[in-house]
Amino acid sequence: MSTAIPVRTVCPYCAVGCHLDLLVENGRVKGLEYAVDSPVNAGRLCAKGHAALEILYHPDRLQHPIQRSPSGWKPVSWDHALETAAEKIRNIVTAYGPNALAFLSTAKGTNEENYLVQKLARVVGTHNVDHCARLCHASTLTGLGPMLGLGAATNPLSDLSQSHCLFFVGSNPAENHPVAFRWVQEAKDRGARILVADPRRTPTAWIADLHLPLRPGTDLALLAAMLHVIFQERLQDDAFIARRTRGVEALRASVKHTDPTWAARLTGVPARDIVRAARMYATAPRASLIYCMGVTQHVVGTETVRACADLALVTGHVGSLGSGLFPVRGQDNVQGACDMGALSGLLPGYRPVTDREARAFFESAWGLPPGALGAAPGLTVTEMEQAAGRTVRGLIAIGENPVVTSPESRKTRESLQRLDFLVVVDLFMTETAELAHLVLPAAAWAEKSGSRTNTDRRVQWSPKAVDPPGEARPDWKIVIDLAHRLGLGQFFPYGSPEDVLEEIRRIVPAYGGISAGRLSQAAEGIAWPCPDETHPGTPVLYENHFATEDGLARLYPIEFREPPEMPDADFPYCLTTGRVSLHYNSGAMTRRSPSLFSRSPHLFVEIHPDDAAREGLRHRDRVRLITRRGSIEAQAHVTGSVCPGVLFAPFHFPQTNAITQNMLDPSAKIPEFKTAACRLEKMEGKGP
Amino acid sequence: MEGTVRERVMVRLERCVGCRSCEMACRVAHSRSGILRDAVCEEPRPLRRIFVEQAADSPAPFLCRHCEDAPCVRCCPTGALAFDEESRLVVYGVERCIGCHACVMACPFGVIQPGRGDGYVVKCDRCVGREEPACVEACPTKALVLESRFLSERRRRTAIQFVQAARGGPRVEDMLASGSP
Amino acid sequence: MRETPTRQRLIIDFEKCCGCFACAAACPEKRIAFSDQGTERRFSAPGVCSGECETCRKVCPVDAIVLEPFPLEDDECHPPALTWTLPLVRCRRCGEPFTTEKIRRMTMEKLTMLLEAPDAVSDWVPVCLACRRIEEAHRVRTATRTLPDPLR
Amino acid sequence: MSGFLHVDFRRCTACFACETACRTAHGGGLRIQLAFVDGLPVPLMCRHCEQSPCAAVCPEHALVWDQDHGVTLLADRCTRCGLCAVACPFGVLFVDPFAQPSVIKCDLCRARRAEGKRPACVLTCPTEAITEEPHHSLRRRRLTTPVFPIAGKPPRPFQGGASRASRKRNDMV
C-alpha cells in the first residue's frame, strides 16, 4: 500500500455528519476510504459523500482574490483586497453608520467561523448578521424556543431505531439524509410503524405503513385533526401533561372543532386515515416525530412547528429513549451556526438581543464599552435583500448564494446590484459572486480545521487534511485579517480555530466542556449541552425537565390559516419546492460534481399523469412554469408520486427561486417556499 | 409426477413450540442417505426447506406456500419455476435454471435459498416421494398439518364456538375482535 | 513494423463472419476497423498484411479468417482492401439496432442447447441491453406486487 | 461468502450510493445500475449465475463460475468479442473492445475482498439493501413478514424472545 495516511474528516454535505477518511499523500488527497469503525455511519456514504472529493481539486476553484474593474475581473493580492475591503467598510460606517453594513455567515462554515463573523458584525456595531438557517429552520427556533426552551433535536438520530412509531411530517430523510435512514429502516425491521405526511410519495413514503398525501400548506389542519382525535379518544398521556406541561386547556379548546372530516376537506386526506394515524402515533409505547422543510418553510411555519411539538408533548413522546422530536437540519453546520448566534435576533447560546443582561454579559466578555450592542434585532436575510441599496450599503457574504436560495431571485439580483460594496467569499464563482465587487477564494471543508454540529447536537471536529489551492484561505483567517485591517485587532487575538473554540467554551455555556482535544478523541463527537470538561454530553434532552424557566413545556393553541396563495382559475396548480438526493442546496458544489450532475443535469418539474394528459405533456417535454412573479423553463417528469394539482421542482437550480413567493412568517421571517400558485405552458420541442 | 393433487402443508401457529423437529426431518428427508445417522456427516450438509423463526415473541415455521400466482414463478427469466396445474405445486426444473437467484430475492417469505450443489436454488418440493411430508410427520404438536385436515379442523372449532355462543357463551364478535384464533 | 520479407493475404469468409469485435480488438496495429451506421455494421480490413502475425485468425470465434503467404516481389497487383457489412438487428422494445443478426442467432442456438428451453431464451436475446434492464426491473416489481399506482 | 449479492430492492431508497461507491472502488464503469419503474428503483448488477449464459456462449471459455468469486473473467483468454454481452439476460455486462478493461461487470469487489474489506456497494448501502450473505437477508425478511394474519394484530417488535441458544442454533444454517 502507498504511504497515504488516512485523515478522518466530516462530510461537508448534510447534517448527519458522516465520517470519511481522506488518503493524503505528500500534500494531496489521493483517494477516499470508508470509515468502517465510525459509530456515526459505519463506513456508509451517500452519493454526495462519494462526490465530496470532486470539488477539492475542481478546475473552477477560485485560486486568488479578484476585484471587479471596468475591464472585467482583475486578480489582486490579498493585501490589496483586504485593504480595499477595510477602506470601503470604514467609508460606509462613517457615512451611513454601522447598521448600513450586513453580514451573511454560512451554515457550511465551522462553529468558529460563524462565531467570528457574528462577533465582527457586533463589534463593528450592527446586529445585521444572518445565515441560511433563516430559510430553513428559523420557525423551529421561534416555535420550539418558547415551548421547550431549545430549538434543536431532542434525541440522537440513532434513537430512531428504538421507536415503535415514526411520524414524518414534511420530512424526507431517505432522500436528504440517506445514511441516517438506516435507523428508520432498522426500526421498521423491528416492526415499527412508519407514518409519512407529505404531498409527494417520497422515498421515505415508499416504506411507509400509512402515507398521508396532503395538499401543500395544510399540515396544520392535519395536526389539529390528529390532536382532536387524541383528545376525543382520551389517548393523551395525562400524567405527562400534568407533570411536565402547562397550557393544555387552551390547546384542547382550540382543537375542539377540528375533527377529521373538517381536516379531510382541507388536506385531501381521507378522515379514516387521519384517525388511524393519530391512533398509531398516540398508542405506540415509544414514538418519534420528525419534521423538516415541509413544516418550517411556510407563512404558518412557526404555528405548524408548535403543532408538532404539541402533538409530541400531549402524547408524552418527548425526552426518553426512542421518543423524541426531530427538527432535521439540512446543512452540515446549520445547528452550529445557530448555536453561535449568527442570527440577527440572537446572540451566541440563543440569548436574545433584546435581553439587557445578555448584552451586558457579551459587552464585558468581548471587552466592548457598555451599551455598544444595540437593543433592536438586526435585519434577516430576506430583509437585508429588500433593504440592499437603500438602508444597507455594504454586504459581506461568506459561503452564501442568495441569488439562488432566496425567493424572488430577480428582485434579489436587482437589489444586490444596488449595493455600494459587496464582498463574496466562496469556493466557486457562484451566481452571487458574479454581482460582487470583490471575490475572495475560500478553503473547502478538508482544507481547514474546525468543529461542526450535526442535527442531533453532536459537535464533531473535522481536521485539516490538505492545503487550500492557490492563495485560498480558510474563512476564519479571512475574517480575522479583515478585523485587523479594520483596526479591531484587539477583539480578535486568535491564532487558530482551537483558540476561537476556547473562547466559545467560555461564552456559550452549552459548549462549556467541548474542547478541541476532547473532540478529537470522541469518536462520534459530544452532544451539547456539555457544561464542563468532565460532562459526557447529553444525547437525550428534557429527560426530567424542560429548558424553560419553570422547567415545564408550554402548549400552544392551534388555529388554522390557509396558505397565502391558493390555486385559482388562472393559476390552477400548487407548486412546491424541495430537495433531491443528488443535489445540495444552491447546487454550487453538486452542479459542479460530475458524478452527481451527470445523473441529474436538468431542472425538472414533477407532474401527475392526469394533469400532464390535460396539458398535453409527455415525459421529458420542455415546459414553462408561470407564477405571478415570473416564469421558468423545466423538463416535465410525469410521475404518479405527486398529488393531482400539485407540482414539485427542486430548488438546487438557479431558476427555481425566481418564481417562489416572498411572503414571510411574521415571527420567524421565513419565506413561503412550499406553496405558489402556478400555471403550466407546453413548449415545442423535446427536452434535452 | 403422478397427476393427483398434492395437498399443501398448513401451519397452526398457536401450536408451534419452536422445537425445530421439522427442520431436522426436512434435512434428513432431503439428504442423500435419507437416514439421520448418515445425513449428519454428509458433505455438503443437507439443507432445510422449512425455517422456524422467533417472530414477535412466538415461534413460527416458514415454508413454501406454493403460491398460485407466485412471485418466484413470475420473476424467473427462464421459466425454471412453474406452477404445476395437476399437483397445484410450484415445481423447480433445474435443467432450465441459470442460477441467477432472482427467485431467492423475490420470494416475500424468504423460503427459497441458494443451493449447495443440489440444484442452483433449494425450495420445498412437498416431499415428492412421500404421501405425508417429513415435516408433518415429525411435528410433535401437530402444528404442521395437511390442507384438508387443517381446514376441516378449523371449521369444526368455529362451529363449536358458534354453538357455545348460541347457548349464551361469549359473543362471537368479542372473540374475533380479541384475536384469539 | 518494418517491411518483413514475407507478407500474408487475408481471405475472409463474409458468410461465416458473425460481426463480433474480436479481430478488430485484437489486431495489434488496429488495421481492422468497424463502425455501426444505421442498421448495418461496416467492417474494413487490409487486403494484405505483415508477415508472421496471426492474431486475427486465432481470435475469430467462427474461424472466418484465412491467411495465405503472399509473394513479396509481386507488388504490382495489390489485393484490394476488404470491406463487408452485416445487417444489425433492432431491439424488439425500443427499435435501436444493437447486435448483428448472426450473433443473435448464434446466441439463441447456444443458449437453447444450454437450457433445452427455446421459449425461455427467446424473450431476452432480441432485446437490447438497456431494455433488458428495464424489463427485468419491471418483471421483478410486478412479480412482487410493488408497482406503484399513481396517487389518486 | 455465497458467490452472489442478495439485493432486497424494497429497502432501496434510490440514493445512488452504490453506483458512486462502485465507480470509486473501480475507478469508473457502471457495474451496478439503478433501473427505475415508474420512479421506483431496482438495483441491477451481475447476478453471478451458476449456469451462466455468458459463460456458455464465450468461445474462449474466459468466463468461469466458482463458489466464492461468482462469474469471473480470465482477462488473458478474453478476445473482447462481445458475445457475452448479448447473452446476458439482465443487460448488466458491457463490452467495449477498445477500452481497458474491456469487459465491465460486477466482480464482487475482488480486489477489496482480497484486502479483507467488504464490497463497496454492500458496505456503503445505508439500508443494507445489498448484502453478501443471503441467509442473513432471508432471515430478516422472514422476521419482517406479517406472520399473524389475525385482523388488527400488528406483530409486536421482535424483542429477541428466543433464548440465546435457540437463536444461536438458528443462525447456523
Side-chain angles (χ1 to χ4, degrees), chain A residues 1 16 18 31-34 36 41-51 53 162-164 172-193 201-204 206-207 209 280 285-286 580-582 593 595-596 599-600 606 609 637-641, chain D residues 8-25 27-28 30 33-34 36-41 109 111-112 114-130 136-137 139-148 152-160:
Chain A
M1 260 299 276
V16 174
C18 302
L32 165 117
E33 188 47 71
Y34 298 105
V36 182
N41 56 329
R44 291 177 173 75
L45 285 177
C46 72
K48 295 199 276 286
H50 283 98
L53 291 189
Q162 311 293 330
S163 304
H164 295 102
N172 181 13
E175 207 166 348
N176 306 327
H177 302 80
V179 178
F181 198 66
R182 69 188 180 125
W183 309 115
V184 177
Q185 187 69 55
E186 206 173 291
K188 186 168 172 60
D189 291 348
R190 293 184 173 168
R193 305 303 232 163
R201 184 194 291 130
T202 55
T204 311
W206 290 346
I207 67 157
D209 295 291
M280 266 192 216
R286 295 194 298 266
V580 288
S581 70
L582 284 168
S593 306
S595 74
L596 299 172
R599 287 194 170 76
S600 158
E606 288 185 351
H637 274 198
V638 180
T639 165
S641 65
Chain D
D8 184 349
F9 59 85
R10 275 178 293 238
R11 303 175 74 94
C12 171
T13 60
C15 70
F16 293 98
C18 49
E19 274 192 22
T20 38
C22 181
R23 174 183 292 276
T24 317
L30 273 181
Q33 290 192 35
L34 293 188
F36 283 89
V37 178
D38 299 349
L40 292 189
C109 270
R112 284 180 60 87
E115 296 160 15
K117 297 179 188 154
R118 291 160 68 202
C121 57
V122 170
L123 174 65
T124 196
C125 176
T127 55
E128 285 178 13
I130 310 170
H136 164 71
S137 191
R139 183 162 169 268
R140 183 173 52 199
R141 178 171 294 171
R142 291 192 291 266
L143 287 176
T144 52
T145 310
V147 165
F148 297 98
K153 185 164 184 279
R156 284 195 307 282
F158 161 57
Q159 303 301 347

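What you see is a predicted model, and the numbers here were worked out from it, not measured in a lab. Just the heavy atoms: all of them, side chains too, but no hydrogens, waters or symmetry mates, feed the values below. In what follows, chains are A, B, ... by sequence order, proteins preceding strands, each numbered from 1.
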> Do you know which of D:Cys15, D:Ala21, D:Ala14 has the most heavy-atom pairs with chain A at a distance under 4.5 angstrom?
Replying inline: D:Ala21

Non-hydrogen atoms of chain A under 4.5 Å away: do they reach the side chain of [X], the backbone, both or neither?
X	result
D:Thr24	side chain
D:Arg10	backbone
D:Arg11	both
D:Cys18	neither

Heavy-atom contact with chain D under 4.5 Å, split by part of [X]:
X	result
A:Leu53	neither
A:Glu33	side chain
A:Arg201	neither
A:Leu582	side chain
A:Ala51	neither
A:Val638	neither

Could you pull out the closest heavy-atom pair between [X] and [Y], with the gap in Å?
X	Y	result
A:Arg44	D:Leu123	CG-O, 3.3 Å
D:Ala120	A:Tyr34	CB-OH, 4.1 Å
A:Pro203	D:Thr13	CB-O, 3.9 Å
A:Leu45	D:Ala17	O-CB, 3.2 Å

> What's the verdict on side-chain contact (heavy atoms from CB on, under 4.5 Å) for D:Thr144 and A:Lys188, showing C-alpha distance, side-chain angles and the deciding distance?
Replying inline: CA-CA 8 Å; D:Thr144 52; A:Lys188 186 168 172 60; over 6 Å; no

> Do D:Arg23 and A:His50 have side-chain heavy atoms sitting under 4.5 Å apart?
Replying inline: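 No; the side chains remain at least 4.5 Å from each other.
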
Residues 173-181 of chain A side chain polar contacts: donor-acceptor under 3.5 Å, at least two apart:
from, atom 1, to, atom 2, distance (Å)
A:Glu175, OE1, A:Asn172, ND2, 2.7
A:Glu175, OE2, A:Ser581, N, 3.4
A:Asn176, ND2, A:Asn172, O, 3.3
A:His177, NE2, A:Arg329, O, 2.8

